[in-house]
Amino acid sequence: MKFRYKLESKLEKYAIPNLYFVIIICIVIGYVIRYMIPSLYDQLLLIPYMVVVRHQFWRLFTWIFTIPYEIGGSLLMVFFLPINLFFYYSLGRSLESYWGRFMYNLYVIGGALLTDILVVLGGIYYYILSPNAANNIARFQQDVATLGDSVYGPLNITHFMLISIFLAFTVVGGDHMVYLYFVIPLKMKWLGYVDLILLAYYFLTGGLFTKLIVVGSVANYFIYAYINKSKTMPTLKDRKRKQEFVKATQKGYKAKRRQGKKGEVIDFYSGSIIPPGTGNPEGITIHKCAVCGRTEVSNPEMEFRFCSKCNGNYEYCSEHLYTHQHVQ
């Protein structure tokens with residue numbers, strides 16, 4: 001059994017159900033606290049100085065109740081906020097459906113823990129081990145005295161967490177179509193490229209802690225891909241095999257058929273009756289993966305199973321059983 005399945009068999013019982021819903025609820029609570037109890041909101045922010053120097057370790061966990069972006073006084077932002085949150089709710093629900101509850105938990109919670117570790121290590125270096133540590137502390141204290149604790153230093157972790165979830169979905173569902181501003185049709189993978197450019201901009205222009213968060217967001221996916229042996233995205237060989245499978249299927253059903261009056265199967269083109277038992281196209285086997293087209297003949301070492309979550313009789317090989325997109 002591979003490492004992923006060993007890990008899943010031991011820890012799956014601890015996975016949080018509907019984690020995507022929990023995340024959205026926490027963000028909504030964060031918006032309520034931000035605009036109704038701002039003094040409490042200041043205590044939830046992830047500020048490296050407060051964690052490393054003041055030992056306020058609760059900030060490593062309470063940042064989940066912070067907001068990804070400010071609303072301000074913009075009515076347009078107020079209008080798009082529910083749509084935006086519902087969009088990320090849908091992405092999280094789809095990812096959990098694709099990966100399973102445990103792997104989605106591992107991706108989100110593992111990414112959050114990785115970010116916390118990088119922030120703590122960066123804070124230890126910046127405020128303690130760095131040759132300019134004393135100057136860094138003095139500069140932070142001076143900025144806080146002039147700008148306020150809630151203005152200088154907090155890291156917008158939830159914003160980067162949502163970007164990380166979005167990037168994960170563009171890999172497994174990049175061909176899904178969305179409508180920008182409800183009008184412009186765009187594939188998810190194109191928006192994923194925009195997010196990558198945005199992350200590159202954050203990395204090049206941001207400070208030390210912003211760079212660490214960007215690294216954590218990007219590295220999180222590669223860690224997930226390693227655990228799953230890079231089976232999150234189809235390889236070129238998988239895509240070629242899928243194309244050959246589609247062509248063979250279309251060729252096999254080229255002779256369209258219609259039902260006769262007495263139950264006979266009649267060829268659509270010639271009008272002749274097809275004898276019973278010869279209705280299947282040539283080359284059909286007992287088992288065939290609906291994603292890559294592998295069969296028990298081409299890959300006798302493979303196991304094939306039907307997916308209980310798909311609407312219909314769809315069979316998958318052991319490689320795509322847990323990574324395919326469910327048919328609704």
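Residue indices begin at 1 and follow the sequence shown.
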Atom pairs and distances, side-chain donor-acceptor, residues 61-68, under 3.5 Å, sequence neighbours left out:
residue	atom	partner	partner atom	Å
T62	OG1	L44	O	3.0
T62	OG1	W58	O	3.2
W63	NE1	L60	O	2.8
W63	NE1	D116	OD1	3.1
T66	OG1	W63	O	2.4

| field | Non-neighbouring partners of F203 that pass side chain to side chain contact (heavy atoms under 4.5 Å, CB included), sequence neighbours left out | value | K211, V214, V215
| query | Heavy-atom distance under 4.5 Å between the side chains of I23 and M161, does that happen here? | reply | yes
| request: Could you grab the distance from atom OG1 of T295 to atom CD of E315, nearest 0.5 Å is fine? | output: 10.5 Å
| task | Please check if any side-chain donor atom of N18 sits under 3.5 Å from a side-chain acceptor atom of Y20, or the reverse. | result | yes
| query | If you measure only the distance, is there a donor-acceptor pair under 3.5 Å linking the side chains of E96 and Y107? | reply | no
What side-chain donor-acceptor pairs closer than 3.5 Å can you find for residues 79-91, not counting sequence neighbours?
residue	atom	partner	partner atom	Å
N84	OD1	Y69	OH	3.4
N84	ND2	Y69	OH	3.0
S90	OG	F86	O	3.0

| task | Flag the pair Y49 / Y127 as yes when their ring centroid distance falls below 6.0 Å, and as no otherwise. | result | yes
| Do Y126 and F209 make the cut of ring centroids closer than 6.0 angstrom? | yes
Determine yes or no for a side-chain-to-main-chain donor-acceptor pair under 3.5 angstrom, with [X] supplying the side chain and [Y] the backbone.
X    : Y    : value
N105 : A15  : no
S164 : F160 : no
R59  : V51  : no

